[in-house]
Protein chains: 2
Amino acid sequence: MNVTGHTRSPASIRDVAAAAGVSYQTVSRVINGHPSVKPSTRERVLAAIDELGFRRSATALALASGRTRAVTVLTANTTHYGYASILQGVEEAARAASYAVGISVLESADEAAVAAEVQRAADAGGGLIVIAYDPAGVRALDAVPAEVPVVGVVETPASPPGENRPWVWTDDREAAYEATRHLLSLGHETVHYVAIPSSTRRTSARTGGWRQALKEAGAPQPRPVQGSWGPAGGHAAGRKLAKDPAVTAVLCGNDDLALGVLRALHEAGRPVPGEVSVAGFDDAPHSAYLTPSLTTVRLDFTGLGRSAFALLHGVLEESAQVAPHPVSVPELVVRESSGPPPS
Amino acid sequence: MNVTGHTRSPASIRDVAAAAGVSYQTVSRVINGHPSVKPSTRERVLAAIDELGFRRSATALALASGRTRAVTVLTANTTHYGYASILQGVEEAARAASYAVGISVLESADEAAVAAEVQRAADAGGGLIVIAYDPAGVRALDAVPAEVPVVGVVETPASPPGENRPWVWTDDREAAYEATRHLLSLGHETVHYVAIPSSTRRTSARTGGWRQALKEAGAPQPRPVQGSWGPAGGHAAGRKLAKDPAVTAVLCGNDDLALGVLRALHEAGRPVPGEVSVAGFDDAPHSAYLTPSLTTVRLDFTGLGRSAFALLHGVLEESAQVAPHPVSVPELVVRESSGPPPS
DNA sequence: GCTCCTTGTGTGACCGGTCACATTCATGCG
DNA sequence: CGCATGAATGTGACCGGTCACACAAGGAGC
């Protein structure tokens, strides 16, 4: 209750010890739930803790024991839906485990800048979660010193981080495959693809899944159109595609890109889905409310973030509740933007 | 270079001191740029630092000196555009100042839950930035203990936090006023309003600005429709408004809400802007690419985040670069979704 | 009765830095 | 020449916890 008033500098365990008439070590035992403390003593200590408003200093704990109970998320972006959702998932899980969450943004993909940022993040102590969906993130994952515990959120298990480190992923390849199959099954001769910037030199998982579906169907394989992350990139790509009357189906690397494509098609006077079908990726919250509403593939980013934390938590504490990977299955959501090709 | 190999536990200043043949205090002086160190000594120490790969422990620094060089952002949400952008601004500014950024989400607006979360955030040391645009945030701001440095990001300067604490804000009132005036100037008899959940018992700043514009114009003042934060809430509100043929102009508390309203109007067969004009709030990245593209008011959330950090930074270090409040002016962006009423 | 183990508690060192003060040596100046 | 002054460096305590170990009291086993 701290009726006594002025709590200048917050009480330390020695203050509590003095108030309870025990040694500081006994106080430490009480706050750590050590078994061999006489109940009456424990009671007294707890009373003192309550009265003095004692709160154990996270800093001192970290210094003395090495346990930091903190994770830092390294990411190139915090506003895009997928990234923000992963972050949210990490935060949820971390909060449940009483971990602090730090965030560190990779502003530039420049090698040196990334390395510096990784260093800063590592200095914060605790573990790292690196979102490696883009070049900056991939570089960051590579730059993490070997002794720092880290979990990567990667695009695909086919491109594992350099060393033997844990990572989580959504099955983007499968998701892209599904979406492409859907469009083909509607009768489209082929499906064009507007890509997000690739995280690797090689083709991305999404591109791979798309290509595989085309191949299996024996459909022509057009060159992917390079987009960016946002609607502006989609718009630019869409303008090119809109000019080609042969284009009847477009798969986009994410929903923002799809939005830009939708807009470009509208401006070009090509109705969706009457003339052209469009599908997105991620199922962002607004996609269901667009006109036409967007066919897309839903990915469980929040769950991905939770898994990433769980994994890291297991590495940091040997109380390794390494929950079996509940890799969620991507789910195709069919809406108005996809339909049969014009006859 | 650390050619010697195995850096087991990271080097401490005493290790560096031993390697350089000086005392640990001298090492401390070097890393802190203290003037009275002989250049030749400094040189030697720096060489040792480099060789051992020494990095000063943030934890030890925090414990010994009290300076934490960290801020924690308390927010009810991380995915909505406005919130995410504020966070991004904070992070940018913090990174530039070599501060670590923590994030802590208020999952529930429940009094006790909020208090617990605030405590956890305060324990992390450093300062707090509370985004108080919603009930949970407002409660959090109230719950911050007096001795903890905090800056609030509030809806309006007219409702200051309880005590005498610094805060930043966007001029939401002015922004809503502008947007409403715009719609009225097009010839609409009045403007309906779909509100975001209010942060206070009293009417929000946005609601206030809207109302004032109506009043000055002598227009009828319809009851605001209560929305939520996302498109789903806008959709529900839009369905009600669509039924009323008298409704020709709708202002929405944010762009997501506007998206839902747009969709509802479309479903009801009421063309925008032919029959109904719609305006949003925030200028989210996708708003420019909607069909019809959305008239909205752009607010500089990123700048707001930067200001919040700058202010907090000033409080934390007396090197108070309390940059003069560069409160950005909200900017009306007129696009396709607003036009004259049907004649 | 003595050792031995268990339970409950206290002591000192330590984590990796900072801070206040002491010390040494070379100067400047009366 | 003696002493105050300042530059350059070292020493010990401290921040608020934890850890390893010592120690006293009480009961079981011989």
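Atom set for the values below is all heavy atoms of this structure, side chains included, hydrogens, waters and symmetry mates excluded. Throughout, protein chains are lettered first and strands after them, A, B, ... in sequence-line order, and every chain is numbered starting at 1. Everything numeric here is computed off the predicted structure, so don't read it as measured data.
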Original post:
Which is true for B:Leu61 with a 4.0 Å heavy-atom rule: it touches a base, it touches only sugar-phosphate, or it touches nothing?
Top reply: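 Contact class for B:Leu61: sugar-phosphate only.
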Original post:
Which part of the nucleic acid, if any, lies within reach of A:Arg14 when heavy atoms closer than 4.0 Å are counted: base, sugar-phosphate only, or nothing?
Top reply: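 Touches a base.
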List every contact pair, protein side and nucleotides 7-9 of chain D side both N or O, where the distance is under 3.5 Å.
from: D:dT9; atom 1: OP1; to: B:Thr41; atom 2: OG1; distance (Å): 2.5
from: D:dT9; atom 1: OP2; to: B:Lys38; atom 2: N; distance (Å): 2.8
from: D:dT9; atom 1: O4; to: B:Arg29; atom 2: NH2; distance (Å): 3.1

Subject >> Backbone of A:Val30 reached by a side-chain donor or acceptor of A:Arg42 within 3.5 Å >> reply: no
Original post:
Where each residue is assigned the nucleotide of DNA chain C containing its nearest heavy atom, which of B:Gln25 and B:Ser57 is assigned the position nearer the 5′ end?
Top reply: B:Ser57
**OP:** For the residue pair A:Tyr24 and A:Asp15, confirm or rule out a side-chain donor-acceptor distance under 3.5 Å.
**Re:**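 The answer is no; no qualifying pair exists.
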Subject >> Contact check, side chains of B:Leu61 and B:Arg56, non-hydrogen atoms, under 4.5 Å >> reply: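 B:Leu61 reaches B:Arg56 side chain to side chain.
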Original post:
Do A:Arg69 and A:Glu317 have side chains that get closer than 4.5 Å, going by heavy atoms?
Top reply: yes
**OP:** Assess whether atom CD of B:Gln119 is packed by more than 12 heavy atoms of other residues, nucleotides or ligands within 6.0 Å.
**Re:**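 Atom CD in B:Gln119 is packed in, count exceeds 12.
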Subject >> Terminal axis angle for the helix from C:dG1-D:dC30 to C:dG30-D:dC1, five pairs an end, nearest 10 degrees >> reply: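 Its terminal axes enclose an angle near 60°.
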Original post:
Which value, rounded to the nearest 0.5 Å, describes the distance between B:Leu106 atom CG and B:Glu117 atom CD?
Top reply: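 B:Leu106 atom CG to B:Glu117 atom CD measures 6.0 Å (nearest 0.5 Å).
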Original post:
Nearest 0.5 Å, what's the CD1-CD1 distance between B:Ile103 and B:Ile129?
Top reply: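 Reported to 0.5 Å precision, the distance equals 12.0 Å.
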Subject >> Pair B:Phe309 + B:Tyr99: ring centers closer than 6.0 Å >> reply: yes
Original post:
Using a heavy-atom cut-off of 4.0 Å to chain B, what are the terminal contacting nucleotides of DNA chain C, in 5' to 3' order?
Top reply: C:dG16 to C:dA20
Original post:
Can a salt bridge be assigned to the pair A:Glu91 and A:Arg306 using a cut-off of 4.0 Å between side-chain N and carboxylate O?
Top reply: no
Subject >> Stepwise side chain to side chain contact (heavy atoms under 4.5 Å, CB included) test for B:Phe54 and B:Leu46 >> reply: CA-CA 10 Å; B:Phe54 166 83; B:Leu46 288 175; over 6 Å; no
